[in-house]
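The structure under discussion appears below in the form of structure tokens.
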Protein chains: 2
Amino acid sequence: MSRETGRQPKYQRIAAELRAAVDAGRYGPGDRLPGENDLMAEHGVARMTARQALGLLQTEGIAEARKGAGVFVRDFRPIRRRGIERLARAQWGEGRSVWSADIGNRELAVDSVEVAQEPAPAAVAGVMGLDENADLCVRRRRFVLDGKPVLLSTSYLPADLVADTPITQPDTGPGGVYARLADLGHAPARFREEVRSRMPGPDEGERLALPSGVPVVQIARTAFDAEGRVVEVNEMVLDSAAYVLEYDFEA
Amino acid sequence: MSRETGRQPKYQRIAAELRAAVDAGRYGPGDRLPGENDLMAEHGVARMTARQALGLLQTEGIAEARKGAGVFVRDFRPIRRRGIERLARAQWGEGRSVWSADIGNRELAVDSVEVAQEPAPAAVAGVMGLDENADLCVRRRRFVLDGKPVLLSTSYLPADLVADTPITQPDTGPGGVYARLADLGHAPARFREEVRSRMPGPDEGERLALPSGVPVVQIARTAFDAEGRVVEVNEMVLDSAAYVLEYDFEA
DNA sequence: AAGTGGTCTAGACCACTGC
DNA sequence: CAGTGGTCTAGACCACTTA
């Protein structure tokens, strides 16, 4: 009878109903939601309308479609990435975090490494105070957690600085790139991290195996040595559903 | 003749073509892109297919639809938010940033203030070490830049600590909440910021006037006084297209 | 083999914007 | 008022997953 639906598109009403059901716990992480056919029958709408409703939940990161299988509730169990190790644990101790996050038994591993010498992208050249097209050593890595890719890292270093060092090799040895920079007398002394968020490009979405509608976090980390020279720029692209970034600092 | 299109859906091909045109600068920020009717004619596809292509660009944050007007190229001119003021300017100086950002003449202003006493949300109660349902002073604010809302801030403070102080008033006086906490002998000494990104809920999208497909950045800032007591939790939701977060720190 | 989501068509009506 | 994007229908074929 009634018609108390208000002036809201059908697909939004359907999405709101499903969203409420998830919030209320009637569907938990990993559970299968009603599919297109279910919604068409329940609400008497066309396929495209049911799709719009389910698409909205995916856009919001609540649900994830798996071809041929169904639409499922996503879970959010992020890695906690501490930007400032020095302060983190010592001063506070654990347990005072807003978002719980287990790193626990799960293992973060490098999936692929690629080292090349390339001309500097404009933004990186600007930060380093180089000419565009000046050569850089570029290290690209992909990190996987439990088999799922979660982080793309592209590290830029001045080619002249790192020539003929292990930094130009896939395996940089114990302590990694920063230890090798220290060997060269250019240990990083300060860092600047710039953080933003956006939707992935098609290439990034693929390399991170992202369900559609999941944003990425982009971190541009600049490393300065004691003299203030920029010795590295590292551009990272993170699956936003996989990470919480933590920064601890003093007033 | 040929059929060298590869095995890619039409709407992705159309979107890729538009994306390339934007990247190549053939469409600049604010320019109008070909609309649904244009794409239907040019590519000989149905309306829904043209819509999918344009929808993809919006999902990626490249374009923004304006009802009745057209689809336009978005621009990204973010505010630079410095997490760690103490270090930022003194040690480096400006100009070594990957993403340029002007704050310049544009003014960040508070749009609405709302103060209330409410029971603690579970996550906040946990951080503060309180019982759930313990009363908190809750301050909700919205910030606008050039008339566009960019930040929603919800600040939680222990009700007993701030009772009968200006903190319970909309206007907290010079120096704001932190100055008043200092007056009480609980000046914040340390901060923890937890940063994540996700798609906005429908309410957030509306309150921030977000075009569809734009993610938000969520910051949970915990303030500790010198004794380690949690004196404030501030949950912020930012328009990701409006902000770059910067954190400077030492190795 | 049955069911699922992914893509696509060819129509339609509406509200809104811009002139 | 003409054009735009927003919503919606009623079909269709395909690739994929699950069993």
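Below, read A as the first sequence line, B as the second, and so on, with proteins coming before strands; counting in each chain starts at 1. For clarity, every value in this text was computed on a predicted model and none was experimentally measured. Hydrogens, waters and symmetry mates are skipped; everything else that's a heavy atom, side chains included, is used.
- If you check the side chains of Arg139(A) and Asn234(A), you find no donor sitting under 3.5 Å from an acceptor.
- Of the residues Arg142(B), Arg140(B), Arg141(B), the one that meets the side-chain contact (heavy atoms from CB on, under 4.5 Å) test with Ser112(B) is Arg142(B).
- Residue Asp38(B) contributes atom CG, which lies 10 Å from atom C1' of dG3(D) at whole-angstrom precision.
- Regarding contacts with the backbone of dG6(C), every side-chain N or O of Gln12(B) stays at 4.0 angstrom or more from both OP1 and OP2.
- Contact annotation: Tyr11(B) reaches the phosphate of dT7(C) (side-chain N/O to OP1 or OP2, under 4.0 Å).
- Glu232(A) and Ser155(A) are linked by a side-chain donor-acceptor pair at a separation below 3.5 angstrom, with hydrogens and angles left out of the test.
- Phosphate contact (OP1/OP2 of dT4(C), side-chain N/O of Asn37(A), threshold under 4.0 Å): present.
- Arg198(B) forms no cation-pi arrangement with Phe76(A), by the criterion of a distance under 6.0 Å to the ring centre and an angle within 45° of the ring axis.
- Regarding contacts with the backbone of dG6(C), a side-chain N or O of Arg51(A) is found under 4.0 angstrom from either OP1 or OP2.
- dC8(C) atom C1' lies 15 Å from atom CG of Leu39(B), rounded to whole Å.
- A salt bridge does not link Glu194(A) with Arg221(A): none of the charged nitrogens is closer than 4.0 Å to a carboxylate oxygen.
- Distance Gln58(A) CD to dT4(C) C1': 13 Å, rounded to the nearest Å.
- In the model, Ser197(A) has a side-chain atom that pairs as donor or acceptor with a side-chain atom of Ser197(B) under 3.5 Å.
- Using a 4.0 Å cut-off between charged nitrogen and carboxylate oxygen, Glu246(B) and Arg192(A) count as a salt-bridge pair.
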Might you list the N or O atoms of the protein lying below 3.5 Å from N or O atoms in nucleotides 9-15 of chain C, with each pair's distance?
residue, atom, partner, partner atom, Å
dT9(C), OP1, Lys10(B), NZ, 3.0
dT9(C), OP2, Ala46(B), N, 3.0
dT9(C), OP2, Thr49(B), OG1, 2.5

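- For the side-chain contact (heavy atoms from CB on, under 4.5 Å) with Thr154(B), the qualifying choice from Val124(B), Val138(B), Val233(B) is Val138(B), the only one to do so.
- In this entry the distance linking NE2 of His43(B) with P of dC8(C) reads 12 Å, nearest Å.
- Under a cutoff of 6.0 Å and an axis angle of 45°, Arg66(A) and Phe72(A) form a cation-pi pair.
- Electrostatic pairing of Glu60(A) and Arg74(A) does not count as a salt bridge here, judged by no charged N lying under 4.0 Å from a carboxylate O.
- For the contact set between residues 28-35 of chain A and DNA chain C, defined by any heavy atom under 4.0 Å, the members are Arg32(A), Gly35(A).
- End-to-end axis angle of the helix from dA1(C)-dT18(D) to dG18(C)-dC1(D), from C1' rotation axes over five pairs per end: 10° (rounded to 10 degrees).
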